[in-house]
Amino acid sequence: MTDSAVAVICVLVLLWAVLSRVLTRHDVTGPLLFVLAGYLLANPEWGVLAVDVDTSIVHILAELTLGLVLFTDASRVDVGRLRRAIRLPARLLLVGLPLTIALGTLGAEVIFGEFGWGLALFVGAALAPTDAALSVQVIDDDRIPRRLRLSLNVESGLNDGIATPVVTLAIALGATALGVGGAEGITLGQAGIELAVGVATGAVVGGIAAWAINVSALRDLSSPKTRQIAALATAVGVFALAVTIDGNGFIAAFVAGMTFGHVLDRDRAESSADPSTQELGRRRNEDSTVLEVLPELGGELLALVVWFLFGAILMPLAFHVVEAGDLALMAGYAILSLTVFRMIPVAVSLWGSGLPTRDVLIVGWFGPRGLASVVFALLGVEQLGTDGGAGPAVAAIAVTVLASVVLHGATAGPVARRYPHDGGADASDAGHVRLRPSGVHRWRR
């Protein structure tokens, strides 16, 4: 990106930061605003800003952003209570996710025809992961039962990493079918090894980092501000390390976040924090902690940049393909992906769970496609190009993500406000799950 592009993005971030509450009330989300800005300002045909899709920094930035967001989300999960409430997330990941990939793949092959099974699998797998950030109004709203919010949060954190080997395999199959050499072959065994390396790396690095911060705080070797930097360095470093040793960086980031949050002695690590910083943490979320503020803000900032790049790079490509092809097919697949291909697997996976129909529908609908799908689409452009069937495949992903940004952003607020709260839903869940960890110090406050 050019200096002018960076300057414009910074101005947009400033405007969003000072007007976010007003815009959110009107269901104008950050992703929607930055996608639109990227498309209008950096469009190759008329845009005033230059963004090069072939620049490696674009792909690194997108992947690192997703890793940072996963770490932050996971660090807020109370592992102890999650063990007692793992049933719903496990159903969604072990049953719902494979069914979603299968339906998405079958739908892409039937609807588009010329893709072939490699590219169809690429589309189905790339659109299977969900992004809780696009339905944050639901996940952060106390009127929605905690078990649902926890399930959506944990699902969105883990399904990115689980889908990554499938996407890599699909890209390899697509490269073979298209006769391009941009992707290396991968076997199911290699995919399993990547997952295992990612889990091990995340657990070790997250645990060691939290232990080091605990010791530092106990012996007064650091300040709360530098411990925030340590948390940010852990989030970025674990992802980079996992990728370097051929592990799954997304799984590593999420597991590291969970381990970090579980091992960290938050009372001691924040005991001498600046009161103004503590207040910032409390205002961001009732269960936020001081050490999470810097990684969370960094993830949110980079995510806005990635959404700008999505509008600048992938949306022009998608619209160009749509103009040359059939708009009805792209729009039809996007709607099916957000509804049938997501909601049927969710309903099957939650069968017999005891959830009322309205809760099953909420979980089924709020599976928005976001950063992970954008990252996978960029990987497809980098390794498969945009010629032949690869262009329409990437376009199908981009159109679906755009539809998700608009539809889920517009419905998250109204659904949360209109959820029939009977006063007992959260009470029954409060003793079992908690989205964000809370120490004894919060009760003392």
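Contacts of Arg342 classified as salt bridge (charged side-chain N to carboxylate O under 4.0 Å, His left out), with partners at least two apart in sequence or in another chain: Glu155. In this structure, Glu63 has no salt bridge (charged side-chain N to carboxylate O under 4.0 Å, His left out) partners at least two apart in sequence or on a different chain.
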Please report the C-alpha distance between Leu314 and Val381 in whole Å, then the side-chain angles of each, then the deciding distance to 0.1 Å, and finally whether the side chain to side chain contact (heavy atoms under 4.5 Å, CB included) criterion is met.
CA-CA 9 Å; Leu314 293 183; Val381 172; 4.0 Å; yes
Take Val197 and Asn248 through the side chain to side chain contact (heavy atoms under 4.5 Å, CB included) test and state the conclusion after the steps.
CA-CA 7 Å; Val197 172; Asn248 189 307; over 6 Å; no
Should Cys10 and Leu14 be marked as a side chain to side chain contact (heavy atoms under 4.5 Å, CB included) after you check the CA-CA gap, both sets of side-chain angles, and the distance that decides it?
CA-CA 6 Å; Cys10 290; Leu14 173 63; over 6 Å; no
Between Phe308 and Leu304, does the side chain to side chain contact (heavy atoms under 4.5 Å, CB included) criterion hold? Intermediate values first, please.
CA-CA 6 Å; Phe308 181 91; Leu304 294 177; over 6 Å; no
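Taking 4.5 Å as the limit, every side-chain heavy atom of Phe34 sits out of range of all side-chain heavy atoms of Leu309. Proximity of Val394 to Phe122: side-chain heavy atoms (C-beta onward) are separated by under 4.5 Å at one or more points. Leu99 is not listed as a side-chain neighbour of Ile344, based on a closest heavy-atom distance of 4.5 Å or more. Contact check for Val166 versus Phe376: no side-chain heavy atoms found under the 4.5 Å cut-off. Contact annotation: the side chain of Leu32 approaches that of Thr29 to within less than 4.5 Å [non-hydrogen atoms, C-beta and beyond]. Between Leu36 and Trp307 there is no side-chain heavy-atom pair separated by less than 4.5 Å. Inter-residue side-chain proximity for Trp16 and Val13 is flagged as unmet; no heavy-atom pair is nearer than 4.5 Å. Side-chain contact check for Leu384 versus Leu119: some heavy-atom pair is nearer than 4.5 Å.
Considering every non-hydrogen atom in both Ile162 and Leu195, the closest pair reads CA-CD2, 4.3 Å. Residues Ala62 and Leu378 approach most closely at CB-CD1, 3.8 Å, considering heavy atoms. Scanning all heavy atoms of the two residues, the minimum distance from Gly299 to Thr65 falls at O-CG2, 4.1 Å. The two atoms that bring Asp265 and Asn214 nearest to each other are N-OD1, 2.8 Å, heavy atoms only. Nearest heavy-atom pair across Ile335 and Thr339 is O-OG1, 2.6 Å. Across all non-hydrogen atoms, the minimal contact from Gly96 to Ser349 is N-CB, 3.7 Å.
In this structure, Phe341 has its ring center under 6.0 Å from that of Tyr333. Checked against the 6.0 Å centroid criterion, the rings of Phe319 and Tyr39 qualify as a close aromatic pair. In summary, the aromatic rings of Phe250 and Phe239 are positioned with their centroids under 6.0 Å apart.
Between the CG atom of Leu402 and the CE atom of Met315 there is a distance of 4.0 Å, given to the nearest 0.5 Å. The CG atom of Leu19 sits 9.5 Å away from the CG atom of Leu33 when rounded to the nearest 0.5 Å. We find the CG-CZ distance between Leu97 and Arg91 to be 16.0 Å, quoted to the nearest 0.5 Å. Note that CG of Asp131 is 7.0 Å distant from OG of Ser156, once rounded to the nearest 0.5 Å. Taken to the nearest 0.5 Å, the CZ atom of Arg369 stands 11.5 Å off from the CG atom of Leu407. To the nearest 0.5 angstrom, Glu194 atom CD is 11.5 Å from Thr201 atom OG1.
At least one donor-acceptor pair closer than 3.5 Å links the side chain of His408 to the backbone N or O of Ser404. Put simply, the side chain of Thr226 never gets that close to the backbone of Ser222: no donor and acceptor are under 3.5 Å apart. Of the possible polar contacts, one joining the Glu109 side chain to the Gly116 backbone as a donor-acceptor pair under 3.5 Å is found.
For the pairing with Glu296, the side-chain contact (heavy atoms from CB on, under 4.5 Å) check across Val69, Thr72, Leu232 returns one residue only, Thr72. Screening Asn159, Asp160, Asn153 against Thr130 for a side chain to side chain donor-acceptor pair (under 3.5 Å) leaves a single residue, Asn159.
In the model, Thr411 has a side-chain atom that pairs as donor or acceptor with a side-chain atom of Trp365 under 3.5 Å.
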